[in-house]
Amino acid sequence: MKTTIDDCRIIELPKISARQGNITFVEGIKHVPFSIERVYYIYDVPGGEERGAHAHIELMQILVSAMGAFDVILDDGHQKKKFHMDRAYYGVLVPRMIWREIVNFSSGGICLVLASQPYNEHDYIRDYSHFIKLKNSA
Ligand code: T46
């Protein structure tokens, strides 16, 4: 499947509100369009630092701001879209073969990631011109 920026979208996660606070939960397949094989979180990001700057050959992910805020810039090689993430019950779906940059972390911001596969360095494309070549040849 040739993914485009239109495949990148916000997914609203369940949220149960109570006087004691809120709870959000995520079940693979039911709430996100893949089975969740890995969870990781990015935190203690120093001011001005950026994460990402790569694409994945097969991996699909959902990025959630578990605390604070950050921006996710997604790029399909032709078009870019920026998502401002600042709610723990919204996730942005990042399909395979989409270049991502995570920028503008607020102080104390936590980026929670739900991933469709275990970590695999061979799945990464870290060179932007190589990414563009692959997108144009797909
Ligand atoms: C992505 C963005 C949002 C592991 O060993 N296991 C893991 O599951 C992860 C995610 C990373 N690592 C190691 C690999 C590197 O030596 O942690 C180090 C930093 O990883 P990376 O430079 O890929 O970190 P980010 O924040 O640039 O990217 C990560 C994910 O790797 C990536 O898939 O989409 O967060």
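These numbers come from the heavy atoms of this one structure, side chains and all, not from hydrogens, waters or symmetry mates. Numbering of ligands and ligand atoms starts at 1, following listing order.
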### Message
Do Glu37 and Tyr119 pair up side chain to side chain, a donor and an acceptor below 3.5 Å, judged on atom types alone?
### Response
no
### Task
Ignoring hydrogens and angles, state whether a donor on the side chain of Asp76 or Thr4 is under 3.5 Å from an acceptor on the partner side chain.
no
Nearest protein heavy-atom contact for [atom]: which residue, which atom, what distance?
atom                    : value
atom 31 (O) of ligand 1 : Tyr124 OH, 2.4 Å
atom 30 (C) of ligand 1 : Tyr40 OH, 3.1 Å
atom 27 (O) of ligand 1 : Gly52 N, 2.8 Å
atom 3 (C) of ligand 1  : Ile102 CD1, 3.4 Å
atom 20 (O) of ligand 1 : Arg51 NH2, 4.4 Å
atom 10 (C) of ligand 1 : Arg38 NH1, 3.4 Å
atom 14 (C) of ligand 1 : Tyr119 OH, 3.2 Å
atom 33 (O) of ligand 1 : His56 NE2, 2.6 Å

### Message
Tell me whether the count of non-hydrogen atoms from other residues, nucleotides or ligands lying under 6.0 Å of OH in Tyr43 goes above 12.
### Response
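Count not over threshold, so no.
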### Message
Tell me whether atom 17 (O) of ligand 1 lies less than 4.0 Å from at least one protein heavy-atom position.
### Response
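False for atom 17 (O) of ligand 1.
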### Task
Compute the minimum heavy-atom distance from Glu121 to ligand 1 and say whether it is under 4.0 Å.
no
### Task
For Arg126 and ligand 1, answer yes if some heavy atom of the residue is under 4.0 Å from a ligand atom, otherwise no.
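Yes; Arg126 lies near enough to ligand 1 that a heavy-atom distance drops under 4.0 Å.
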### Task
Decide if the gap between the ring center of Tyr128 and the ring center of His54 is smaller than 6.0 angstrom.
no
Counting distance only, does the side-chain N/O of [X] pair as donor-acceptor with the main-chain N or O of [Y] below 3.5 Å?
X      : Y      : value
Ser116 : Phe34  : no
Arg38  : Gln117 : yes
Lys80  : Ile73  : no
Arg96  : Ile57  : yes

### Task
Give the numbers and elements of all ligand 1 atoms closer than 4.0 Å to a heavy atom of Ile42.
26 (O), 35 (O)
### Task
Have a look at ligand 1 and work out which part of Val94, if any, has a heavy atom under 4.0 Å from it: side chain, backbone, both or neither.
neither
#### Entry: Beyond-backbone contact of Val72 with Met85, side-chain heavy atoms, under 4.5 angstrom
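Touching, per the 4.5 Å side-chain cut-off.
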